[in-house]
2 protein chains.
Amino acid sequence: MMELTRKGEYAVRGIIHLARQPYGNVALLSDIAEEAEIPQTFLAKIFQNFAKLGFINSYRGTGGGFSLARPASAITLRQVVEAVEGPIAPNRCVTQGGECDRSAACVVHDVWRRVQLQTLEILDGVTIEELARKSK
Amino acid sequence: MMELTRKGEYAVRGIIHLARQPYGNVALLSDIAEEAEIPQTFLAKIFQNFAKLGFINSYRGTGGGFSLARPASAITLRQVVEAVEGPIAPNRCVTQGGECDRSAACVVHDVWRRVQLQTLEILDGVTIEELARKSK
DNA sequence: TGCCTTCAAGACCATTTTTATCCTTTTTAG
DNA sequence: CTAAAAAGGATAAAAATGGTCTTGAAGGCA
């Protein structure tokens with residue numbers, strides 16, 4: 001239950017691998033995909049999205065590729081996960097504009113809210129830099 | 001991301017409604033389904049499962065229905081959720097027998113593990129009795 | 001200029017999961 | 001014996017997941 005999808009896993013692995021490059025270095029999609037063991041075309045979609053969101057820069061043509069658009073220490077795990085999976089919420093009633101009409105009546109609401117806040121706190125506290133720094 | 005399914009919601013709502021009956025009282029599936037606004041045939045499957053797991057008792061025939069098999073205070077939200085959604089895990093690498101071969105290499109492993117533990121702690125700490133007691 | 005490299009964007013598709021419904025059988029009370 | 005209820009299994013539509021493919025656009029270089 002409540003599992004990250006492949007896309008989410010790939011997104012995290014992909015950006016970690018990118019963050020392990022020397023800063024400013026432009027890496028090929030094909031290289032990152034191979035290193036991180038991710039289907040290249042799938043990773044392409046994910047990185048396209050990251051580029052739009054300003055996490056990474058993309059360069060086309062010969063010598064092109066991807067690089068981080070800001071220091072890895074300024075990108076949190078939460079940002080990456082939410083970018084691909086959408087807002088983190090253990091159930092519908094705690095999403096922004098959540099359609100929990102029963103919100104008042106919904107006695108489990110606070111519980112889910114607590115789960116959400118705890119999770120966000122953890123994921124906010126982890127940066128891609130920390131993850132990239134770890135061995136391997 | 002990481003949302004409870006309808007089935008999970010129905011399961012929680014359904015057992016809460018059952019827990020609001022006078023203890024020992026046998027309630028009709030059709031009544032619970034109507035009160036909790038859950039498709040009856042869907043709730044039937046959920047309750048069948050709960051019966052197998054020993055959360056509730058079922059009685060067939062005239063005058064039959066469902067009742068809690070143990071006090072609502074002895075059923076946790078975690079048990080209910082896991083019964084229908086499977087083990088709570090924010091990603092594959094933290095499930096029992098988790099197939100995270102990269103477990104060592106997986107630098108995010110501890111983070112997911114922490115999220116999992118926090119979530120379990122919260123859900124373990126809430127009983128159906130508490131939820132049923134709340135207004136409405 | 002033209003060609004090659006690399007990412008962008010959108011269409012497409014198979015599989016699995018979700019969210020149910022329906023029908024037949026079994027059990028039980030009266 | 002009959003009506004009431006749940007059990008159990010088959011079926012199915014819709015959505016999400018996990019991709020692939022094709023075409024286009026942009027940039028470097030001879």
Side-chain angles (χ1 to χ4, degrees), chain A residues 1-15 18 21 25-34 36-69 81 84-87 89 91-92 95, chain B residues 1-15 18 21 25-34 36-69 81 83-87 89 91-92:
Chain A
M1 179 233 173
M2 310 200 345
E3 278 178 21
L4 207 61
T5 63
R6 291 292 161 120
K7 186 155 91 166
E9 270 192 53
Y10 292 163
V12 173
R13 288 224 304 273
I15 203 165
L18 194 57
Q21 304 284 121
N25 191 297
V26 172
L28 285 178
L29 178 66
S30 53
D31 288 348
I32 300 290
E34 192 177 2
E37 298 177 77
I38 301 171
Q40 182 176 332
T41 54
F42 203 165
L43 185 59
K45 299 297 182 187
I46 294 167
F47 273 13
Q48 271 172 41
N49 190 232
F50 280 173
K52 275 188 198 153
L53 294 171
F55 293 159
I56 67 183
N57 291 127
S58 74
Y59 306 94
R60 309 216 264 198
T62 310
F66 296 90
S67 66
L68 287 188
V81 170
V84 292
E85 304 268 13
N91 90 343
R92 292 170 191 75
T95 55
Chain B
M1 178 232 172
M2 310 199 346
E3 278 178 21
L4 207 62
T5 63
R6 290 292 161 123
K7 185 156 91 168
E9 270 192 55
Y10 293 163
V12 173
R13 288 225 304 274
I15 202 165
L18 193 57
Q21 302 285 121
N25 190 299
V26 171
L28 286 180
L29 177 66
S30 53
D31 289 347
I32 300 290
E34 192 179 2
E37 299 176 76
I38 301 170
Q40 181 176 333
T41 55
F42 202 162
L43 185 60
K45 299 299 183 186
I46 294 168
F47 273 13
Q48 271 172 42
N49 190 233
F50 280 173
K52 275 187 198 155
L53 294 170
F55 294 159
I56 68 184
N57 291 127
S58 73
Y59 306 94
R60 309 217 265 198
T62 310
F66 296 91
S67 65
L68 287 189
V81 170
V84 291
E85 305 268 13
N91 91 343
R92 293 172 191 73

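Letters go in sequence order (proteins before strands), and every chain restarts at 1. On a predicted model such as this, the values are computed, not experimentally measured, just so you know.
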*With a 4.0 Å cut-off on heavy atoms, is A/Lys45 in touch with a base, just the backbone sugar-phosphate, or nothing at all?*
base

*Taking atom types as modelled, is there a side-chain donor on A/Gln21 or A/Ser67 under 3.5 Å from an acceptor on the other?*
no

_Distance check needed: D/dA14 P versus B/Phe42 CZ, whole Å only._
16 Å

*asked:* Less than 4.5 Å apart, side chain to side chain, heavy atoms only: is that true for B/Leu29 and B/Phe47?
replied: yes

*asked:* So A/Phe47, base contact, sugar-phosphate only, or nothing? Heavy-atom distance under 4.0 Å.
replied: nothing

_How many whole angstroms separate atom CD of A/Glu37 from atom P of D/dG19?_
13 Å

_Heavy-atom closest pair, residues A/Tyr10 and A/Glu37_ = CE2-O, 4.5 Å

*When you match A/Tyr59 and B/Gln40 each to their closest nucleotide on DNA chain D, which lands nearer the 5' end?*
B/Gln40

_Among C/dA20, D/dG19, C/dC7, the nucleotide that comes nearest once only the side chain of B/Arg6 is considered_ = C/dA20

*Of the nucleotides D/dG18, C/dA9, C/dT6, which one has an atom closest to the side chain of A/Leu28?*
C/dT6

*Considering heavy-atom distances to DNA chain C, does B/Glu85 or B/Gly61 have its closest nucleotide positioned more toward the 5' end?*
B/Glu85

_Atom pair distance, as rounded to whole Å: NZ in B/Lys7 and C1' in C/dT17_ = 10 Å

*CD-CG distance between A/Glu34 and A/Leu43, expressed to the nearest 0.5 angstrom*: 12.5 Å

*Please report, rounded to the nearest Å, how far the P atom of D/dA6 is from the CD atom of B/Gln48.*
10 Å

*Integer-rounded Å distance: D/dA6 P and B/Phe50 CZ*: 16 Å

*Determine: side-chain N/O of B/Tyr10 to OP1/OP2 of C/dA20, distance under 4.0 Å, yes or no.*
yes

*In whole angstroms, how far is the C1' atom of C/dC7 from the CD1 atom of A/Ile56?*
11 Å

*Is B/Thr41 near enough to C/dA20 that one of its side-chain N or O atoms lies under 4.0 angstrom from OP1 or OP2?*
no

_Pair A/Arg92-B/Arg6, side-chain contact (heavy atoms from CB on, under 4.5 Å): steps then yes or no_ = CA-CA 10 Å; A/Arg92 292 170 191 75; B/Arg6 290 292 161 123; 3.7 Å; yes

*Answer yes or no: does a side-chain N or O of B/Ser58 lie under 4.0 Å from OP1 or OP2 of D/dA7?*
yes

*Could you say whether B/Arg60 or A/Thr62 is positioned toward the 5' end of DNA chain D, judged by the nucleotide with the nearest heavy atom to each?*
B/Arg60

*Given atom CG of A/Asn49 and atom P of C/dA8, what is their separation to the nearest angstrom?*
11 Å

*Separation of atom CZ in A/Arg13 from atom C1' in D/dG18, rounded to whole Å*: 14 Å

